[in-house]
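As the structure is a computational prediction, the values presented were derived from the model and not from experiment. Sequence lines set the chain letters: A, B, ... in the order given, protein chains first and strands last, and positions in each chain run from 1.
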Amino acid sequence: MRSLVSACAVGKVDDTLVLDLNKDEDNYGQADMPIAMTPDGKITLLQMDGHLTQEEFKQGLEMAQEGCRQVYEMQRKALMDYYSKKTEVLSTEVTAAEDVKEDAPEEPEDVTQVEVLEDTEDTQKIDDTKETGDTKETEGTVKTGDVEELEDSGEEVPDTGENADETDGQMDESEEEISNE
Amino acid sequence: MNKEIVSIIQKDQLYNLMLKGERADGRAFDETREIKIETGVIEKAEGSARVEIGDTKIIAGVKISPGTPFPDTPDVGVIITSLELIPLASPEFESGPPREKAVELARVTDRGIRESGAIDLKKLCIIEGEKVWMIFIDIHVLDDGGNIMDAAALGSIAALLTATIPAERYGLGEDAPLPIRDIPVSVTAVDIGGGILFDPSLQEERVANTKLTVIPNQEGAIVGMQKSGNGSLSPDQINHIVEVACKKAQDIREKFLEI
């Protein structure tokens with residue numbers, strides 16, 4: 001997996017270009033153009049029906065790209081928040097599992113423990129990237145370099161979620177944002 | 001896009017040609033193959049056309065009969081477009097119900113006609129809520145030489161332009177030409193290694209990852225678009241395709257079609 005794909009639609013209602021159509025705008029508007037885009041700006045889906053002049057199309061395509069960038073930030077944040085929260089939970093489990101292991105090392109729970117550890121590492125990779133890697137740039141957002149960083153940073157040994165309390169609230173917020181659309 | 005095996009040599013050949021600014025058949029990147037349109041080829045249809053774009057051959061027929069309108073649009077006519085990829089047209093086509101490729105081609109053809117308002121559907125109402133004219137557009141691909149999409153769209157609008165509403169046959173007044181008020185023309189391009197090639201040949205279509213169809217209407221506005229295939233396009237490539245497509249559509253319209 002190289003990166004996320006984000007999608008957003010642009011349309012025309014009452015001769016005005018609008019982003020992220022709701023149902024009425026979609027049904028009764030003059031045009032509808034969904035696009036999907038990767039963070040490095042490659043368009044992977046493009047459909048359009050209705051009526052757009054060339055100028056409107058150009059402008060609409062730019063708006064839709066900006067929409068995709070916003071959605072991408074939300075997707076990314078939701079994943080980050082979810083996994084940093086999960087890391088916190090898991091690390092508690094790991095400690096618990098370790099305790100169990102000390103008591104009875106032969107238990108089949110060993111297997112789960114390995115998985116749990118792997119999980120923790122994976123999720124931490126993402127978190128590392130957040131801190132070191134890309135940033136708030138809104139344009140072009142994450143370059144391919146980000147993906148490499150993501151892989152590279154796997155080497156570092158994680159220390160697990162400290163900010164769980166903070167992120168809790170943030171996640172609910174971003175979930176709300178998404179469901180509101 | 002085509003999942004059939006493409007020879008690596010062919011792929012390399014097309015790519016290397018593209019780097020030199022050339023195509024296998026000697027065309028410029030934005031050059032369409034020769035187009036031939038013949039109308040009135042099926043006597044029993046209300047309208048028909050046979051279209052050739054290079055080696056690609058399709059036949060389009062229009063049937064018109066009275067029917068019941070959809071409950072949510074009781075006062076407008078109905079358009080139903082279907083497209084068949086019959087086995088004789090290509091070793092890749094199989095008989096049986098339409099598959100994804102045929103459905104996509106039919107839908108995009110339909111989109112161009114519907115969204116451009118090419119047919120004045122209000123005029124096809126006979127009795128509101130009870131009886132309207134139903135337009136069936138059937139496209140049969142006879143030989144796949146690449147870019148069936150543009151041939152299908154061209155065939156369907158050419159057939160519609162020559163179609164007559166058979167009112168006398170149903171005791172509903174006098175026969176009249178189908179009310180056509182716009183002429184959408186589809187223009188398709190593919191991306192091969194970053195080069196944008198218009199009116200792709202079969203070979204080019206097989207090698208390309210991504211295809212973009214743009215359908216401008218007669219005032220040069222876009223009424224439909226469809227990207228197909230797994231690959232991606234940059235915004236610059238898309239804007240380039242749109243710009244060239246609008247010009248090409250106008251050329252084709254002036255040369256072959258008129259209301």
Please indicate whether [X] has more than 12 foreign heavy atoms, meaning atoms of other residues, nucleotides or ligands, lying under 6.0 Å from its [atom1].
X        : atom1 : value
B:Lys63  : NZ    : yes
B:Arg107 : CZ    : no
A:Asn27  : CG    : yes

Calculate, to the nearest 0.5 Å, the distance between atoms CD1 and NZ belonging to A:Ile35 and B:Lys227 respectively.
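Reported value, rounded in 0.5 Å steps: 11.0 Å.
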
Any chance you could measure A:Leu61, atom CG, to B:Ile238, atom CD1, to the nearest 0.5 Å?
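Rounded to the nearest 0.5 Å, the CG-CD1 separation comes to 5.5 Å.
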
Option that, when pairs with chain A are counted at under 4.5 Å, heavy atom only, ranks first among B:Glu115, B:Glu243, B:Gln237:
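That would be B:Glu115.
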
Identify the two heavy atoms, one from B:Pro235 and one from A:Gly41, that lie closest to each other, and give their separation to 0.1 Å.
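Nearest pair, atom of B:Pro235 first, then A:Gly41: CD-O, 3.5 Å.
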
Of all the residues in residues 45-53 of chain A, which have a heavy atom that comes within less than 4.5 Å of a heavy atom in chain B?
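Under the 4.5 Å heavy-atom cut-off, A:Leu45, A:Leu46, A:Gln47, A:Met48, A:Asp49, A:Gly50, A:His51, A:Leu52, A:Thr53 qualify.
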
Give, as side chain, backbone, both or neither, the part of B:Ile215 having an atom under 4.5 angstrom from any heavy atom of chain A.
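For B:Ile215, neither part sits under 4.5 Å from chain A.
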
Could you look at B:Glu219 and say if it's the side chain, the backbone, both or neither that has a heavy atom under 4.5 Å from chain A?
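Side chain only.
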
Chain B contact via A:Gln30 - side chain, backbone, both or neither, heavy atoms under 4.5 Å:
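Contact with chain B involves no heavy atom of A:Gln30 at all.
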
Residues in side chain to side chain contact (heavy atoms under 4.5 Å, CB included) with A:Asp24, at least two apart?
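Expected list: A:Asn22, A:Tyr28.
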
